[in-house]
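Below is one structure, written out as structure tokens; the observations come after it.
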Amino acid sequence: MTHKSIRNTFSLNWDDFRYFLALADQGTLSGAARQLRVTHATMARRLHQLEEEVGTVLFDQGPSGYKLTDKGHDIYPKILNMHEQIFSVLAITENEAPEGSVRISATPFLCNEIVATCLPKFRHQFPHIDLEVIAENRNVSLSQQEAHLSLRLKRPETGEFVIRRVASMKYALYKSKLLEDIENVAPIIGYTDELDYLPESKWIAKHLSKRRTTLRTNSLSCQKSAIENGIGIGLLPIYATRNSSILQRIDTEQELPSREIWMVMRRSLSNVLRVRILADFLAEYFKSQQSTFEGERTQDSLETGHDR
């Protein structure tokens, strides 16, 4: 590969760097091609073209896909910053209907219960905006562009972010209608040890420690299913139970935990129209559902005893 002078690098097309960022983000040619909506062959050709233009290898290809070389790692943050600045400039002059993709990350529960629920209405209003939904319990890196927008259960302490508190999500204690005797008998559906720092896990340890824990899991969906099937009682976000005809809330004198839901995006992306549209749409949805998150009581509430 021949060395290119600095003068020659000014002939680079910005579009070439879109391919660089897509491959760095996805790790495979096929994944990057899908993200940019081009063919696998086009992706490979444009990567080769870019490396020829800059005069160095930017990616190493291995069994698991493509990884940045040291030189690739050096230029990645600079290209990412250029990418964000260009989108910010375009957003100022953007007059046409918004289009493109927005990548949003959230816990599996929030993806299933919130994002997926919003999709039909969002799709109807903004048919040219495509969503990529990343369902993970970990907080993905917004600075590394693993996502454009994130829903989190803890407020970030550092970083150049635009942050909104969109909801207060309250929890309640639940049983199944299939479960007959619950007073001082029914076991607990709880959390695995690595999640013992969670407020809801701490509440169980403090107030229900005398009961046997018959199932521990890191999946909220698994907990809900286990409770519905009468395996035991447990804490659930009230919002998650809104469509269940089999779950009954158990009254307790103890103050129940709640979690704040935060929407986070990089400040440099806050003026990108399609990202801002999704953020505003989700914020309005949370606002419309706040009474459900807060937990209005229903006729299915069950008054029972509680552990002393």
Side-chain angles (χ1 to χ4, degrees), residues 21 24-27 35 68 73 76-88 91 100-118 122 129 131-171 191-192 194-203 218-220 235 237-240 257-290 293-294:
L21 290 174
D25 178 43
Q26 298 292 330
Q35 178 176 319
L68 289 168
H73 275 293
Y76 177 84
K78 298 178 176 62
I79 300 303
L80 180 59
N81 183 62
M82 290 170 57
H83 171 78
E84 293 176 346
Q85 293 303 319
I86 286 173
F87 269 111
S88 296
S101 64
V102 181
R103 188 179 304 112
I104 178 172
S105 75
T107 65
F109 163 73
L110 292 178
C111 285
N112 294 337
E113 299 289 337
I114 306 299
V115 181
T117 302
C118 292
F122 184 83
I129 298 180
L131 299 184
E132 298 178 39
V133 181
I134 311 301
E136 293 190 23
N137 284 314
R138 73 180 180 94
N139 289 331
V140 303
S141 173
L142 297 178
S143 61
Q144 294 297 318
Q145 209 178 14
E146 289 186 276
H148 302 113
L149 189 67
S150 181
L151 294 175
R152 300 182 178 181
L153 297 179
K154 184 178 180 181
R155 192 185 195 281
E157 297 179 357
T158 60
E160 292 295 319
F161 299 126
V162 174
I163 303 170
R164 298 192 212 182
R165 189 183 74 88
V166 291
S168 177
M169 184 170 64
K170 291 189 176 181
Y171 284 69
Y191 296 83
T192 49
E194 67 270 17
L195 298 179
D196 59 7
Y197 65 92
L198 296 177
E200 51 271 38
S201 184
K202 291 180 178 179
W203 189 93
N218 65 350
S219 166
L220 193 57
L235 280 176
I238 295 172
Y239 185 84
S258 64
R259 304 290 300 277
E260 304 299 308
I261 303 177
W262 303 89
M263 185 189 302
V264 187
M265 75 176 86
R266 287 202 68 179
R267 189 171 300 279
S268 56
L269 292 178
S270 60
N271 287 324
V272 176
L273 183 57
R274 65 182 189 276
V275 178
R276 191 173 71 245
I277 283 174
L278 178 59
D280 290 343
F281 181 89
L282 288 172
E284 283 300 313
Y285 179 81
F286 277 109
K287 183 178 179 181
S288 71
Q289 297 293 312
Q290 188 55 49
F293 278 102
E294 292 285 349

Please tabulate, for side-chain N and O atoms in residues 107-114, each donor-acceptor pair with protein atoms closer than 3.5 Å (sequence neighbours left out).
| from | atom 1 | to | atom 2 | distance (Å) |
| --- | --- | --- | --- | --- |
| T107 | OG1 | L110 | N | 3.2 |
| N112 | ND2 | P108 | O | 3.2 |
| E113 | OE1 | R242 | NH1 | 2.8 |

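Under the rule for a side chain to side chain contact (heavy atoms under 4.5 Å, CB included), the partners of S219 that lie at least two apart in sequence or sit in another chain are T217, S221, C222. In this structure R155 satisfies the salt bridge (Lys or Arg N to Asp or Glu O under 4.0 Å) test with no other residue, sequence neighbours excluded. Residues meeting the side chain to side chain contact (heavy atoms under 4.5 Å, CB included) test with K170, sequence neighbours left out: I238, S258, E294. Applying the side chain to side chain donor-acceptor pair (under 3.5 Å) test to E200 and every residue at least two apart in sequence or in another chain returns Y171, R259. Legend: residues meeting ring-ring contact (aromatic ring centres under 6.0 Å, His included) with F293, ordered by chain and number and at least two apart, are Y239, F286. Judged as a ring-ring contact (aromatic ring centres under 6.0 Å, His included), and not counting sequence neighbours, the contacts of W203 are H207. Residues passing the salt bridge (Lys or Arg N to Asp or Glu O under 4.0 Å) test with E284, sequence neighbours excluded: none. For the side chain to side chain donor-acceptor pair (under 3.5 Å) test, residues two or more places apart in sequence or in another chain that qualify with D280 are R164. In this structure, the side chain to side chain donor-acceptor pair (under 3.5 Å) partners of T192, at least two apart in sequence or on a different chain, are E194. For S150, the side chain to side chain donor-acceptor pair (under 3.5 Å) test picks out S105, R152, with sequence neighbours left out. Checked against side chain to side chain contact (heavy atoms under 4.5 Å, CB included), D196 has the following partners two or more places apart in sequence or in another chain: S201.
Nearest heavy-atom pair, E260 versus S168, reported as atom, atom and distance to 0.1 Å: OE2-OG, 3.4 Å.
Within the 3.5 Å criterion, the main-chain N or O of V102 finds no donor-acceptor partner in the side chain of H148.
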